Structures are given as C-alpha cells and as structure tokens.
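Report on one structure; see the data block that follows.
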Amino acid sequence: HVGRMSACSGRLLHVVGVLTGRGLIERCLSSVSGTNEGDLANAMGKRATWENFYKTQSERGTKQFDWFVGYQEVIDLVSPYLHRCTDTQKSHVVGLDLGCGLSDVALKMCVSSEEPIRIVCADVVMSPLATMQQQYQSMRESVRNSESHLLFAMADASHLPFKDGSFGFVLDKGTTDVIIRSSKGGEKAKTVVQESLRVLQCGGHILQFSDEDPDVRLTLLNNATREHGAAVTFKEIPTSHGMEYFMYIVQKGG
C-alpha cells in the first residue's frame, strides 16, 4: 500500500507540474493574442510569446524548467548516441540542444561526461540562454572533463546559423511539439526536422522527446526525412508517474 501511495503521489506531483507549466503558457499566449483557438495557435509560433513566458519565469525566480522529462530520465536513453561519428576528425562529441529554454539536461550532460563533449544550447529567446550561461559558469569547476564545454546561441530552429554537418547529435525536447501546435505547424515542423538533418554529420542522430503518439509523430518524421535516406525509430520512455512519453530517433544516412 505504501508503494502504491508513493507511486500515485509521484504521478500527481508530475501532473500538477505539467499542468502548471501549461497554464502559464496559456496565460502568456493570451497576453499577446486573443483567447480563441486560432489566436492561440498564431501566438504559439511567435517569439514575443516565449519572451513573455521566460519573463514570467524570471519574475517567479525559476532557474530551471523541463518539459516532459528531465536529466535522470533522459541520460540513459541518449548515452548510446553520444559518440563521435567515424567520418570526423573531431576529438570530442558535438551536440545541439534545440530550443533549450531553461532545461538543465545539456548542462548536466556536460558536467558529468567522462568523454569530452561540447554542446551548443540554442533558443529563439535570449533570457533563458543568459540564465543557463550563469549556471554553467557557476558549475564550470565541477565539469568532469576539462575539454567539455557548453556554448550558447540565439537561433531560430527553422533557420539554424550553423554549417552543414556541424553536430553529432541534435537534442529536441519539446521544441517540435510547440512548433507543430502553432499556425501551419505541420509544415514548420517539417522544416525544423530538415534543418536539424542539415546540421547533422552523416551517421548522426536527431533525438526528439515528445508526448505525441507514434502514429502521428512517425508520419511527420518519415515525410520530412524521406528524401534524405534517414532511418526513423522510437522508444517508449518508462516513467514512475504513469505518463506516456517517447523518444524518436532519426539517424542521418550518407
């Protein structure tokens, strides 16, 4: 009975956290648009919406916020993909955290990795990047491998300012989920996936974390990658609170 109560309590706390985040998003959306479905969809894709969201987070003193899953749920799933591609001369793993926001997943990956790893944290809004950069600087002495680094870049996921083949992996934790729910989200999400493929090294992986059902997400990913010779698979993410999440893996061919 104690174990069952603990599991139920954990699930309840998680649901409350998710609903709190969604409620905050809805309030921010409403503040830059109207309240009908079309207005909300339009606002979802606007930078002003997310500037407002992170301003509110800052006013609340929030330093860290993860959509869906955090570092503990993610690290064992992504670790098999954090390796140098065989056709590159780089001595370290190079990754992109796409739409990082206030997630500390990349930060903890950098701090804990025994192998040298460099991750670019990218977001369309500057304020969460500044917050995470401050946290990184405060933890720099704790980084296990002195050659590991976090970098920060303001970037639009549909027009990435990086050269072709720059990264060994692209981490997308909720970013595509936001984009696909915006106005004309299907086409925008397809563009984001194709941009992620462009900046990937051959053999590299896009790692998407989502609560979207495989029947829906796999259709998007297969359509977006069909001309690029990419392989698409997925894994269900086990959780203690009963929520259903997935990791979608896209490996670039070539």
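Note: hydrogens, waters and symmetry copies are ignored here, and every other heavy atom, side chains too, is used. This one's a predicted model, so the numbers in the text were calculated from it and none came from an experiment.
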How long is the span from the CE atom in M139 to the CG atom in D104, to the nearest 0.5 Å?
8.0 Å
When rounded to the nearest 0.5 Å, the distance separating CD of E195 from NZ of K190 is 14.0 Å
From SG (C110) to OH (Y136), nearest 0.5 Å
5.0 Å
Hey, does the side chain of D164 reach the backbone of V199 with a donor-acceptor pair shorter than 3.5 angstrom?
no
Is it the case that the side chain of K173 and the backbone of Q208 share a donor-acceptor pair, with hydrogens and angles ignored and the cut-off at 3.5 Å?
no
Side chains of D123 and M154 in contact at under 4.5 Å (non-hydrogen atoms):
no
Does the side chain of I206 reach to within under 4.5 Å of the side chain of L200, using non-hydrogen atoms?
yes
Please name the pair of heavy atoms, one in V111 and one in S142, separated by the smallest distance, quoted to 0.1 Å.
CG1-O, 3.6 Å
Donor-acceptor pair, distance only, cut-off 3.5 Å: does the side chain of S166 make one with the backbone of F162?
no
Before giving the answer on side chain to side chain contact (heavy atoms under 4.5 Å, CB included), spell out for N145 and E114 the whole-Å C-alpha distance, their side-chain angles and the decisive distance to 0.1 Å.
CA-CA 6 Å; N145 190 305; E114 294 183 357; over 6 Å; no
So, does D172 use its side chain to make a donor-acceptor pair with the main chain of L98 at under 3.5 Å?
no
Heavy atoms only: give me the nearest I179-S182 pair and the separation to one decimal.
O-OG, 2.6 Å
If we only count heavy atoms from C-beta on, is the L220 to N223 side-chain gap below 4.5 Å?
no
For L160, is there any backbone N or O sitting under 3.5 Å from a side-chain donor or acceptor partner on R198?
yes
Is a donor on one side and an acceptor on the other found under 3.5 Å between the side chain of E73 and the backbone of G70?
yes
Gap between atom OH of Y248 and atom CD of E212 - 0.5 Å precision
6.5 Å
By salt bridge (Lys or Arg N to Asp or Glu O under 4.0 Å), which residues pair with K63, not counting sequence neighbours?
none
Shared hydrophobic cluster, W67 / V216 (ILVMFWY, side-chain heavy atoms < 4.5 Å)
no
With a 4.5 Å limit on heavy-atom distance, are the side chains of Y71 and S103 in contact?
no
Just checking E141: does its CD atom have more than 12 heavy atoms from other residues, nucleotides or ligands closer to it than 6.0 angstrom?
no
Could you give the distance from NE2 (H92) to CZ (R118), rounded to the nearest 0.5 Å?
4.0 Å
Would the distance check show the side chain of K252 and the main-chain N or O of Q201 forming a donor-acceptor pair, the cut-off being under 3.5 Å?
no
Can you find a heavy atom in the side chain of I249 that is under 4.5 Å from one in the side chain of K235?
yes
Where do A224 and V193 come nearest, in terms of heavy atoms and distance?
CB-CG1, 3.8 Å
Are the aromatic rings of F246 and F209 close, with centres under 6.0 Å apart?
no
For the pair D66 and K108, evaluate salt bridge (Lys or Arg N to Asp or Glu O under 4.0 Å) and give the outcome as yes or no after the intermediate values.
CA-CA 13 Å; D66 268 303; K108 290 182 176 178; over 6 Å; no
Please check if the side chain of S148 supplies one atom and the backbone of I117 the other of a donor-acceptor pair under 3.5 Å.
yes
A155 to A122 - nearest heavy-atom pair and separation:
CB-CB, 4.2 Å
Any donor-acceptor pair under 3.5 Å from K188 side chain to S183 backbone
yes
Do V120 and F152 come within less than 4.5 Å of each other through their side chains, counting heavy atoms only?
no
Under 4.0 Å between a side-chain nitrogen and a carboxylate oxygen: does that hold for D177 and R181?
yes
For W50 and Y54, take the angle between the two ring planes, folded into 0 to 90°, and tell me which bin it lands in: parallel under 30, tilted 30 to 60, perpendicular over 60.
tilted
To the nearest 0.5 Å, tell me how far R47 CZ sits from T49 OG1.
11.5 Å
same_hphob_cluster(I237, L82) at 4.5 Å side-chain heavy-atom cutoff
yes
Donor-acceptor contact below 3.5 Å, side chain T62 vs main chain S58:
no
Taking ring-ring contact (aromatic ring centres under 6.0 Å, His included) as the test, write out the residues that go with Y81, two or more places apart.
H205
Side chain proximity check, C100 to L129, heavy atoms < 4.5 angstrom
yes
So do E115 and E147 actually touch side chain to side chain, heavy atoms under 4.5 Å?
no
Residues L150 and C121: closest non-hydrogen pair is CD2-SG, 4.1 Å
Please tell me whether V170 and I180 are part of a single hydrophobic cluster in this structure, the criterion being side-chain heavy atoms less than 4.5 Å apart.
no
Q137 atom CD, neighbour heavy-atom count above 12 within 6.0 Å
yes
